[in-house]
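Residues take their numbers from the sequence shown, with the count starting at 1. For the numbers below, each heavy atom of this structure counts, side chains included, while hydrogens, waters and symmetry mates do not. What you see is a predicted model; the values in this text were computed from it and never measured.
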Amino acid sequence: MSSLAAEPSQDNTAANQSLVSAVLFTFDPDTRSVLATLESSPAAHKIDLPMLQALLDAQGYGAFYTSHSAIDELILQASQGNACSKVIAYQRDAELEWMVNPDKMAVYLTVLPSCGGKAITRDWLIEELQAQGIDETCVDQAALDQVLTVGQAERLCVARGIEPVSGLNSRFEVLVEGCKKLLPGYSEEEQVDFHQVQDFIVVERGEVLMQRLPPTAGVPGLTVLGEVLPAEPGEVLEFNTDVEGAIVDPDNPDQLVATVKGHPVLLGNGVFVDPTLRIDAINLESGNIDFDGSVEVKGDVTSGFSLKATGDVVIRGMVEKATVIAGRNLTVVGGVAGEDLGRDQNNELILKARLRAGGNIRAKYTNLAYLRAGGDIIVREFVLQSHLSAKGGVYLTQPGSKGCIIGGKILARSEIVANCLGSDANVPTQVRVGRVNCKRKLEEQLQTEYSNCLANCEKLEKVLASSESPEHKTSINEQLSLKIKATRQAYVQKAERIKAVQARLNGRKQTHCDATVTVKVMIYPNVCIAIDGATYHNRACKGGCYLVREGLEVVSR
């Protein structure tokens with residue numbers, strides 16, 4: 001029991017002051033409450049809320065839960081000089097409320113803080129988690145630390161289940177060092193490492209090409225209640241056996257071996273071995289070569305000879321006045337040095353060196369040569385008085401190279417990128433990108449059809465007009481007249497559809513196209529640039545520029 005003696009009051013009407021001589025506090029351990037008792041007194045003494053709180057703190061009841069309504073009532077009674085008793089504070093333990101998600105993958109905790117009673121401890125939390133059946137592996141210790149630091153929580157996740165991890169499917173490891181996927185449609189990086197593309201890999205018969213690694217079982221999961229969640233195992237994938245030159249090893253079903261000597265090409269979960277012919281040079285000793293497969297030439301392709309291959313062709317020397325045809329990619333490490341045989345009836349140079357590839361063409365340089373590629377043409381140093389045609393792009397921007405196009409004609413479907421176009425000698429140079437106007441024949445056919453429709457409509461109108469005259473009314477009955485009118489209407493509708501198609505084709509001619517020409521250093525006079533039919537004649541030296549077609553004009557950005 002404790003009491004508080006107050007000082008005499010100067011103002012007996014204060015709303016939050018008492019008129020008593022003392023307040024007595026009594027703690028009841030059974031109800032865990034604090035009882036405040038007022039003793040009446042004829043003399044006025046001050047007792048207010050701060051003094052009551054100070055007394056509770058001094059007696060060790062400051063952390064208890066206090067009833068504001070009971071304290072207000074106590075002060076009111078004191079102000080009236082009444083003696084009374086009120087329970088104004090309670091001792092309360094911390095309270096824990098647990099909730100386990102229906103899927104048993106998370107546990108949430110709500111904590112009411114302690115008010116002078118039992119405080120939260122880690123041991124208590126761990127004990128409660130164990131009582132809830134929560135697996136210790138799933139407990140979030142950081143969340144428990146947060147609860148202990150703050151002393152309270154509102155729906156805080158303190159444990160989370162572990163999701164199962166599915167197993168990996170069979171994996172296929174290529175055992176041939178440097179084997180690349182070089183089939184049509186394979187997108188290589190824009191920056192070409194010239195030393196790397198010179199590698200030409202050949203495997204021997206019986207060599208192991210690929211190994212299949214077994215699938216994994218996965219990692220099981222765990223609910224917060226310790227229940228194991230099974231993992232989905234990986235699938236066993238099969239080798240791609242729809243390839244030539246390789247089979248599954250009869251003695252080891254997890255290995256793919258070569259059945260022929262050749263050039264390996266990665267093809268999904270398999271390896272295609274392209275039989276390869278390797279020779280020293282194309283000359284008098286070898287004669288012309290026409291080979292079903294890939295060819296590697298260690299030396300030169302000399303003048304007057306030809307080399308044809310259905311696969312890749314790698315020439316480590318140079319190509320002189322010769323013909324080289326590759327079904328896929330063609331690489332000339334030493335460059336192309338041709339010669340012109342004069343000019344034809346159209347005043348075009350007749351070039352002796354002719355190279356063609358179904359894929360990409362790469363060369364160190366090309367002089368007086370004709371190159372045609374189904375993919376890109378990539379030249380390291382320069383293109384001099386040559387005719388290049390690529391269904392992809394033409395690139396002359398290798399690091400540390402000249403990258404010049406001087407004279408000749410350069411055609412590309414998508415883009416042309418070079419350091420320089422033309423020369424300070426004003427050599428005529430023609431550059432064209434975009435699609436050839438393949439719709440010209442279609443436009444002519446549409447115009448012919450449109451004219452025919454109009455002509456047929458005119459003929460049918462004359463027949464109808466003639467049948468409506470008095471002398472011809474009996475020659476055409478009503479049914480035939482309706483049929484003629486329906487036919488005329490069909491021609492009218494067809495003419496309208498053709499007109500709409502023509503309008504769309506004309507509209508496309510005015511739209512922006514994706515074909516571009518990029519000059520990184522200099523463009524010289526006497527260079528003609530055409531982008532999808534729009535033409536630009538350069539008449540002065542200009543620095544690097546990026547040219548596109550907008551409408552019917554070529555503009556620089």
Taking only residues at least two apart or on different chains, which pairs with a member in residues 399-411 satisfy side-chain hydrogen bond (donor to acceptor under 3.5 Å, both in side chains)?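 For residues 399-411: Glu348-Lys409.
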
Should [X] and [Y] count as side-chain neighbours, where that means a heavy-atom distance under 4.5 Å?
X	Y	result
Glu238	Val248	no
Leu307	Val297	yes
Ile162	Val219	no
Ile405	Leu396	yes
Leu284	Phe305	yes

Which residues share a side-chain hydrogen bond (donor to acceptor under 3.5 Å, both in side chains) with [X], sequence neighbours left out:
X	value
Gln141	Arg122
Asp254	Arg212
Ser303	Glu320, Lys321

The criterion is side chain to side chain contact (heavy atoms under 4.5 Å, CB included); which residues satisfy it with Thr323, sequence neighbours excluded?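 Here the qualifying residues are Ser306, Ile325, Arg354.
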
Which residues pass the side chain to side chain contact (heavy atoms under 4.5 Å, CB included) test with Leu175, sequence neighbours left out?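 Here the qualifying residues are Glu173, Val208, Gln211.
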
What residues form a ring pair (Phe, Tyr, Trp, His ring centres under 6.0 Å) with [X], not counting sequence neighbours?
X	answer
Tyr370	none
Tyr395	none
Tyr536	none

Does any N or O in the side chain of [X] come within less than 3.5 Å of the main-chain N or O of [Y], such that one atom is a donor and the other an acceptor?
X	Y	answer
Asp312	Ser294	no
Gln255	Asn252	no
Ser286	Ala281	yes
Asn240	Asn269	no
Asn101	Asp103	no
Asp376	Ile378	no
Thr331	Val314	no
Thr516	Val548	no

Verify side chain to side chain contact (heavy atoms under 4.5 Å, CB included) between Leu421 and Tyr524, making sure each step is shown before the conclusion. CA-CA 6 Å; Leu421 284 183; Tyr524 293 92; over 6 Å; no

Just verifying a value: how many Å separate [X] [atom1] and [Y] [atom2], rounded to the nearest 0.5 Å?
X	Y	atom1	atom2	result
Asp532	Arg549	CG	CZ	5.0 Å
Leu460	Lys485	CG	NZ	12.0 Å
Arg356	Ile361	CZ	CD1	9.5 Å
Met318	Thr302	CE	OG1	10.5 Å
Thr216	Leu168	OG1	CG	4.0 Å
Gln445	Ile498	CD	CD1	11.0 Å

Which heavy atom of [X] sits nearest a heavy atom of [Y], and at what distance?
X	Y	value
Thr366	Ala369	OG1-CB, 3.3 Å
Pro215	Ser170	CD-OG, 3.5 Å
Val313	Ala326	CG2-CB, 3.7 Å

Salt bridge (charged side-chain N to carboxylate O under 4.0 Å, His left out) partners of residues 297-309, not counting sequence neighbours, each pair once: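 Residue pairs with at least one partner in residues 297-309: there are none.
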
More than 12 heavy atoms of other residues, nucleotides or ligands under 6.0 Å from CD of Glu244: yes or no?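 At most 12 heavy atoms, drawn from other residues, nucleotides or ligands, come within 6.0 Å of this atom.
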
Would the number of heavy atoms belonging to other residues, nucleotides or ligands and lying under 6.0 Å from CD of Glu235 be above 12?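 Counting neighbours around CD of Glu235, 12 or fewer heavy atoms of other residues, nucleotides or ligands fall under 6.0 Å, so no.
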
Check residues 448-456 and write down every donor-acceptor pair under 3.5 Å in which the side-chain atom is one partner and the other belongs to a residue at least two apart or another chain.
{"unit_1": "Thr448", "atom_1": "OG1", "unit_2": "Glu444", "atom_2": "O", "d": "3.0"}
{"unit_1": "Glu449", "atom_1": "OE1", "unit_2": "Lys494", "atom_2": "NZ", "d": "3.1"}
{"unit_1": "Ser451", "atom_1": "OG", "unit_2": "Gln447", "atom_2": "O", "d": "3.0"}
{"unit_1": "Asn452", "atom_1": "ND2", "unit_2": "Thr448", "atom_2": "O", "d": "3.3"}
{"unit_1": "Asn456", "atom_1": "ND2", "unit_2": "Asn452", "atom_2": "O", "d": "3.2"}
{"unit_1": "Asn456", "atom_1": "ND2", "unit_2": "Tyr491", "atom_2": "OH", "d": "3.4"}

Does any pair with a residue in residues 338-365 pass ring pair (Phe, Tyr, Trp, His ring centres under 6.0 Å), and if so which ones, sequence neighbours excluded?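 For residues 338-365, and leaving out neighbouring residues, the ring pair (Phe, Tyr, Trp, His ring centres under 6.0 Å) pairs sorted by first residue read Tyr365-Phe382.
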
